[in-house]
Amino acid sequence: MRIIKTKDYNDLSLKAAEIISGQVMLKNNSVLGLATGSTPIGTYKELIKKYEKGLIDFSEIITVNLDEYRGLAPDNDQSYRYFMNKNLFDHINIDKSNTYVPNGLEANAEKACMEYDALIAGVGGIDLQLLGLGVNGHIGFNEPADSFPLNTNCVKLTQSTIDANKRFFEKEEDVPKEAYTVGIGAIMQANTVLLLASGKSKAPIVKEAFFGEIKPQVPASILQMHKNFILIADEDALSQSPLA
Ligand code: F6R
């Protein structure tokens with residue numbers, strides 16, 4: 001595990017974009033595993049800036065996103081596909097047919113999950129996996145559990161997640177109750193894993209996940225075992241760890 005401590009969120013975003021562009025430079029047809037959420041937005045902005053300056057070429061890049069809400073169409077503005085288009089893909093020279101997100105419209109969960117695992121295997125696995133970190137230690141939608149889910153799986157969202165999402169929808173029944181998420185297996189098989197953690201709210205879980213015991217109740221803790229795991233965290237996120 002390598003830890004890069006940054007002054008703040010902007011510095012974290014710059015450094016993450018540097019590492020991703022290094023990966024793209026070394027292998028122009030890299031498979032990038034991507035995440036949604038608020039943390040990677042700054043990184044995506046920096047990547048867009050690099051593209052606009054002619055410093056990075058995404059034309060051969062393949063992306064596989066971590067997760068998608070079950071039941072949401074790609075054009076729903078709450079879907080993760082919509083998020084990725086808006087925050088990255090619409091602004092760079094990536095071929096959108098090479099960008100993959102689990103199929104939220106596939107009602108057959110087993111089929112959706114098997115197809116996504118087959119897709120990841122078919123593109124040769126993930127070169128670099130970008131991750132955020134849930135305050136409960138989740139990565140993707142792999143929530144604290146009694147074992148690490150290996151394959152792409154369908155998760156029931158917790159009531160607190162459903163409540164938090166309510167404000168984005170007209171009716172409560174429209175709020176997705178489930179999501180498809182890549183499992184821990186595909187994440188651990190990625191050549192490089194880059195996890196971003198920013199802000200004081202992440203400080204307790206950064207300490208627990210990366211300086212504590214490895215256990216499925218803290219899914220991100222398994223990354224301590226990864227052969228090439230890079231944690232980029234800002235001073236606030238590291239404020240409770242031995243590196244504070
Ligand atoms: C997003 C994802 C989630 C987020 C995590 C942190 O695709 O899989 O695990 O990375 O919930 O979210 P933020 O960055 O909003 O704190």
Side-chain angles (χ1 to χ4, degrees), residues 31-41 43-44 62-89 96 98-123 125-126 128-145 147-165 168-169 174-190 193-197 202 205 209 216 218-220 222-223:
V31 178
L32 303 179
L34 297 179
T36 59
S38 54
T39 314
I41 290 179
T43 304
Y44 295 151
I62 297 168
T63 64
V64 284
N65 258 79
L66 277 171
D67 37 23
E68 180 58 285
Y69 290 117
R70 185 178 185 207
L72 288 198
D75 60 353
N76 185 306
D77 63 4
Q78 294 307 316
S79 75
Y80 285 172
R81 157 59 71 184
Y82 188 95
F83 174 102
M84 288 309 302
N85 287 347
K86 187 175 95 185
N87 288 294
L88 185 62
F89 302 150
K96 281 219 184 116
N98 288 335
T99 67
Y100 300 99
V101 178
N103 181 3
L105 286 183
E106 176 56 70
N108 181 334
E110 202 179 325
K111 182 164 182 273
C113 295
M114 273 174 53
E115 282 179 355
Y116 209 60
D117 281 333
L119 186 144
I120 294 172
V123 295
I126 297 164
L128 183 149
Q129 176 67 57
L130 181 66
L131 295 174
L133 176 66
V135 287
N136 63 358
H138 72 212
I139 45 178
F141 265 122
N142 297 289
E143 301 290 352
S147 62
F148 293 104
L150 287 183
N151 298 323
T152 298
N153 57 97
C154 179
V155 282
K156 292 212 181 318
L157 303 181
T158 58
Q159 191 56 44
S160 67
T161 305
I162 295 170
D163 289 344
N165 285 345
F168 299 118
F169 294 86
D174 294 341
V175 185
K177 310 285 184 298
E178 290 173 321
Y180 295 132
T181 182
V182 166
I184 302 286
I187 295 173
M188 288 301 282
Q189 279 164 22
V193 175
L194 180 62
L195 185 142
L196 312 179
K202 300 286 168 76
I205 194 65
V218 183
I222 190 114
L223 298 170

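Note that the coordinates shown come from a computational prediction; the quantities given were computed from them, not determined experimentally.
- A 4.5 Å side-chain heavy-atom check between Asn142 and Val155 finds every atom pair outside the cut-off.
- When all heavy atoms of Val101 and Asp67 are compared, the pair lying nearest together is CG1-O, 3.8 Å.
- Across every non-hydrogen atom of Ala186 and Ile120, the tightest pair is CB-CD1, 4.3 Å.
- You'll find the side chain of Leu66 reaches within 4.5 Å of the side chain of Ile187, heavy atoms only.
- One finds the CG atom of Asn151 at 4.5 Å from the CG atom of Asp117 (value rounded to the nearest 0.5 Å).
- For the residue pair Leu157 and Pro176, the shortest heavy atom distance occurs at CD1-O, 3.4 Å.
- Between Pro216 and Pro144, the closest side-chain pair of non-hydrogen atoms is not below 4.5 Å.
- In this structure, the side chains of Arg81 and Phe89 come closer than 4.5 Å at one or more pairs of heavy atoms.
- At most 12 non-hydrogen atoms from other residues, nucleotides or ligands lie less than 6.0 angstrom from CD of Glu110.
- In this structure a side-chain-to-backbone donor-acceptor pair under 3.5 Å is present from Tyr180 to Glu106.
- A donor-acceptor pair is defined here as one N or O able to donate and one able to accept, closer than 3.5 Å; no such pair exists between the side chain of Asn153 and the backbone of Cys113.
- The main-chain N or O of Asn103 is never found under 3.5 Å from a side-chain atom of Glu68 such that the two would form a donor-acceptor pair.
- The nearest pair of heavy atoms linking Ala179 to Phe141 is CB-CD1, 3.5 Å.
- Among the candidates Leu34, Leu119, Asn65, the single residue satisfying the side chain to side chain contact (heavy atoms under 4.5 Å, CB included) test with Tyr100 is Leu119.
- Nearest heavy atoms, Asn136 versus Glu143: ND2-OE1, 2.7 Å.
- Every salt bridge (Lys or Arg N to Asp or Glu O under 4.0 Å) that Glu115 has, sequence neighbours left out, goes to Lys111.
- Here the shortest heavy-atom pairing between Lys96 and Asn85 reads CE-OD1, 3.4 Å.
- For the 3.5 Å distance criterion, the side chains of Tyr69 and Asn76 fail to qualify, holding no donor opposite an acceptor.
- Here the OG1 atom belonging to Thr43 is positioned 10.0 Å from the CG atom belonging to Leu88, to the nearest 0.5 angstrom.
- A distance-only check finds no donor-acceptor pair linking the side chain of Arg70 to the backbone of Lys177 [under 3.5 Å].
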